[in-house]
Amino acid sequence: RVNALTSTRTQIPMDYYHFPFCLPEGGPRLERQSLGQWLEGSLIQSSPFVVKTAVEMFCQKVCQVTLTETTFERLKWAIERNYHHNWLLDHLPSAALGVNMNGLEREVYANGFPIGFQYFDKYYILNHFNLVIDYYSIAGSNGKDTTYEIVKFAVEPMSIHHKYTVPSKNESNYDPSEPNDQPLATCPYRQHLHNRDIGHAQEISANGDPIIFTYDVQWRQSDRPWAKRWEIYLTQDRYVPEQIHWYSAINSVVLAVILAAVVRMVFIRVTKPPSTNLETTPPLSINTMTIGDAVRLTRAAIISFMSPAPTSTTSTNDSNQRYSSVRTLTEIANENETQEQMERRLQQAEQLQREERNWRKLHGDVFRPPSSYPALFCAMIGTGVQLTLASMFVVVMATLGSVSQANPGAILDALLFSYAGTGAVGGYISYRLHASFGGGGSQLQRCVRMVGMIFPGSVFGSFFLLNMCLFAQGSTASVPISVTLSLLASWLFVLLPLVILGAFAASKQQERYGGLEEHYPTHTNPTPRPIPPPVRWFGKPFLSICIAGILPFGAIYVELFFIMNSIWYRQYYYMFGAGLFIFSVSLATAGLISMLMAYFQLAFENHRWWWYSFACPGATSAYLLIYSIFYYMPRLELDSLLAHVIYLVYMFLVCMAVLMMFGSLGTLSALYFLIKLYSTLEPEQVDAEEEADAREDGDEDYVVMVDTLRSSRSPIITGATGGAVVDRQDQVVGEDLTPITASMDEDA
């Protein structure tokens, strides 16, 4: 059987019989194809090549073709763009046999074999094919019947200018049993053609000599069992060592472990009771140490150890004071510091300590809903969770061997069905999250509709427009209208109802068990705190987002190259176990970096962390897009506008999916981290800290308000105190300082 012709330079599959090749008797017959095969551009049809089990065949003539102006230009166009044959035998794709520059035989197990080649301004077609078939034989129980199992199929293409000869019957090389009426002078009798037998290559030209297509069949016994016949194709005969994939996995694990340790250290550090005595803070700190500080510490250490040891007459107290741990290197280094330097270091230590306490002040704002596009935000979170589950399901199934590239289109089929089947999860997540933001009925409905419309609508719209362009090009990648209607029906009548069903289940659960906001450890104040400008360069959201996106991308960088080769070079990807491991670690990295960046955002007194925690790991998609455009696209050598459009559109959709997957996981991880973080917080302790800061800063209005509330024995509530409202700069707005009595209910 023959499949569509493919080219990595155009990315546009073409029908095999669109070009002047031999037709089978009765015309080509199209095999039944799955949805995934249609979408990936497969078009498997019958061929005129006949193979008999365990029968050697020599220079069998198939047909002869004379090119017209139209067919010549069509074949020339395909040769210039490096189109390849893709043949199948017993569901095995054809490997390509050839000779490299050193004269050694070489086998390529992916992407078929070329249809011709160009030499200067002349074009040649490969018109002879040596079919090399490896088989594994199993003897029958009676010792006579033998079963032949095909375990490898390879094709050695050649270009040879065939010529007829008319021999007499008494010549030794004439065999009347040959099916050809007229033998070929360029074919040795009962021998397989070899490269050394080629006299002249077959040049193509319009209205020139006819092109004669021939083939040989060679059977070779192999010790490879039928169960392992795909191993050599998937591994490409160990062309790429497996260690590369596992080195990439180890690199990802090391990165994730470091991030996990940093997050744990931050959590332990910030949840400890803060020290209010800044006088005991050592002037030097690892967080504020400079290169000059390190040099001074080193010099102090050398002076300390080179000093003479104490004599026996030296008192014990003096000895301990000079040589024991009481006299630290920091004290020795600070002996020659000026008063100005000491004050500067105290200010730095004080600033660092305040930054570590800033997140505590936001306990009344940290769970405030996003002010910009909350419905879109929740829809993207739900879609990202849905895409993550669907992708994880497909990779797990591929690891277990349930879906494989051995079945064309199987992985794409599994991805489509798993994405449609997880629609209920997307609807459930988006509804629950948006309901916790206080969204009403119409807003909730709009959010649920976005889950079922934004991403699948973008994919279907892009697919429909590209399909029209491919149809105009005559490509097999343009699917029939029946397949398009099937995709539309699966979207409208499978995915959308499941999304609505998931939202309905979320509404019933909310009515019975309450909303998600009830699990938040703090309540949200009615008035938001103002956000001060960042004092450090990494406090700017854009820069921190760019830095955060590098880490998840670094976890998948190496494996990404092999995945891209599988998609665009039509090579086989077989290390699904390593892929599953790296995919899981990259998701964990996205969650950890989002936790860390959310804490830094709060440390700068910025409580707008929802979109920020989504964008930090989601920035991985921006690096993926840059990688695909500036690094990988030049390798493909695309030579047409449509090829560039196809590549860019599909890579943009992939980056859009990565943005939603990593962003949704990062947001949910940050939400979990902040719930745990603020669960350790005592509001009374935070109020005391704010009062101490106000007294130290000389904020008399705040002190008067606190004293008034304390005299009435009412709790201090950040954000609202009777008729007075405390803004984010800790100043009172309004004159009414009526205390809030303890008799007010919890809602008030």
Side-chain angles (χ1 to χ4, degrees), residues 1-24 27-49 62 65 71 74-96 108-116 125-127 129 131 153 155 157 213 233 405-413 463 466-484 487 565-572 636 638-640 642-643 645-647 650:
R1 300 172 299 166
V2 292
N3 202 344
L5 302 178
T6 56
S7 170
T8 58
R9 297 181 60 183
T10 65
Q11 298 297 327
I12 302 176
M14 301 297 293
D15 184 3
Y16 180 87
Y17 294 109
H18 179 71
F19 299 93
F21 297 131
C22 299
L23 296 171
R29 296 183 303 276
L30 179 64
E31 288 198 356
R32 186 182 182 89
Q33 296 194 143
S34 64
L35 181 62
Q37 287 177 298
W38 282 112
L39 294 178
E40 69 179 13
S42 295
L43 192 66
I44 302 176
Q45 304 175 82
S46 60
S47 75
F49 301 95
V62 185
V65 177
T71 55
R74 192 177 296 172
L75 198 58
K76 174 184 173 183
W77 178 86
I79 293 175
E80 287 178 339
R81 285 154 182 80
N82 197 25
Y83 269 87
H84 280 56
H85 289 285
N86 295 279
W87 292 3
L88 298 168
L89 179 65
D90 193 26
H91 301 284
L92 283 178
S94 57
V108 179
Y109 293 90
N111 205 23
F113 56 93
I115 65 174
I125 189 173
L126 301 173
N127 60 325
F129 313 100
L131 310 184
F153 172 48
V155 178
F213 290 91
Y233 286 90
Q405 290 179 307
N407 299 321
I411 295 180
L412 194 54
D413 284 331
F463 163 76
L466 290 178
N467 190 57
M468 295 295 100
C469 297
L470 292 171
F471 178 78
Q473 288 281 336
S475 171
T476 60
S478 60
V479 301
I481 187 63
S482 59
V483 177
T484 305
L487 287 174
N565 282 349
S566 175
I567 297 174
W568 299 109
Y569 275 102
R570 298 181 180 271
Q571 296 181 358
Y572 296 107
L636 292 174
L638 303 176
D639 62 352
S640 67
L642 182 58
V645 170
I646 291 173
Y647 178 80
Y650 283 134

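Heavy-atom basis, side chains included; hydrogens, waters and symmetry copies ignored. Quick caveat, the model's predicted, so the values are computed rather than measured.
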Legend entry - Contact summary for P24 and S46, nearest pair of heavy atoms: CG-OG, 3.9 Å
Inset, instruction - Side-chain contact test, heavy atoms from C-beta onward, threshold under 4.5 Å: evaluate it for F153 versus L131 and give yes or no. - result: yes
Inset, instruction - Quick one: closest heavy-atom pair of L126 and P157, and the distance? - result: CD1-CB, 3.7 Å
Legend entry - Y16 (side chain) donor-acceptor with Q45 (main chain) under 3.5 angstrom: no
Legend entry - Sub-6.0 Å ring centroid separation between H85 and F21: yes
Legend entry - Residues which pass side-chain contact (heavy atoms from CB on, under 4.5 Å) with R570, listed by chain and number, not counting sequence neighbours: T6, P13, N111
Inset, instruction - For R81, enumerate each residue passing the salt bridge (charged side-chain N to carboxylate O under 4.0 Å, His left out) test, keeping only those at least two apart in sequence or located in another chain. - result: D639
Legend entry - Any residue meeting side chain to side chain donor-acceptor pair (under 3.5 Å) with S94, in chain and number order, not counting sequence neighbours: none
Legend entry - Backbone N/O of L5 and side chain of N86: donor-acceptor pair under 3.5 Å: no
Legend entry - Contacts of type salt bridge (charged side-chain N to carboxylate O under 4.0 Å, His left out), residue E31, not counting sequence neighbours: R1
Inset, instruction - List in chain and number order the residues that pass side chain to side chain donor-acceptor pair (under 3.5 Å) with N467, two or more places apart in sequence or in another chain; answer none if no residue qualifies. - result: none
Legend entry - Minimum heavy-atom distance between G409 and E40, given as atom pair plus value: N-OE2, 3.3 Å
Legend entry - Min side-chain heavy-atom separation V62-F49 under 4.5 Å: yes
Inset, instruction - Give the minimum heavy-atom separation between S34 and Q37, together with the two atoms involved. - result: N-OE1, 2.9 Å
Legend entry - L470 vs L642 side-chain heavy atoms within contact, under 4.5 Å: yes
Legend entry - Partners meeting salt bridge (charged side-chain N to carboxylate O under 4.0 Å, His left out) with D15 (sequence neighbours left out): none
Legend entry - R74 (side chain) donor-acceptor with P20 (main chain) under 3.5 angstrom: no
Inset, instruction - Not counting sequence neighbours, which residues clear side-chain contact (heavy atoms from CB on, under 4.5 Å) with I79? List them please. - result: L75, I115, Y123, I204
Legend entry - Intermediate values then yes/no, side-chain contact (heavy atoms from CB on, under 4.5 Å), Y83 and I12: CA-CA 10 Å; Y83 269 87; I12 302 176; 4.0 Å; yes
Legend entry - Check: Q33 side chain, S42 main-chain N or O, donor-acceptor pair, under 3.5 Å: yes
Inset, instruction - Applying side chain to side chain donor-acceptor pair (under 3.5 Å), name anything that partners S566, two or more places apart in sequence or on another chain. - result: Q405
Legend entry - F463 to T484 - nearest heavy-atom pair and separation: CE2-OG1, 4.3 Å
Legend entry - Min side-chain heavy-atom separation Y650-L466 under 4.5 Å: yes
Inset, instruction - Kindly state whether the ring of Y109 and the ring of Y572 have centres lying under 6.0 angstrom apart. - result: no
Inset, instruction - Grab the two heavy atoms, one from L23 and one from Y17, that are nearest each other, plus how far apart they are. - result: CD2-CD2, 3.2 Å
Legend entry - Between W87 and F113, ring centroids under 6.0 Å: yes
Inset, instruction - Could you list the residues that satisfy salt bridge (charged side-chain N to carboxylate O under 4.0 Å, His left out) with R29, not counting sequence neighbours? - result: none
Inset, instruction - Please name all residues satisfying side-chain contact (heavy atoms from CB on, under 4.5 Å) with I567, sequence neighbours left out, ordered by chain then number. - result: I563
Legend entry - Set of side chain to side chain donor-acceptor pair (under 3.5 Å) partners for N407, sequence neighbours left out: none
Legend entry - Under the side-chain contact (heavy atoms from CB on, under 4.5 Å) test, residues paired with F471 that sit two or more places apart: S478
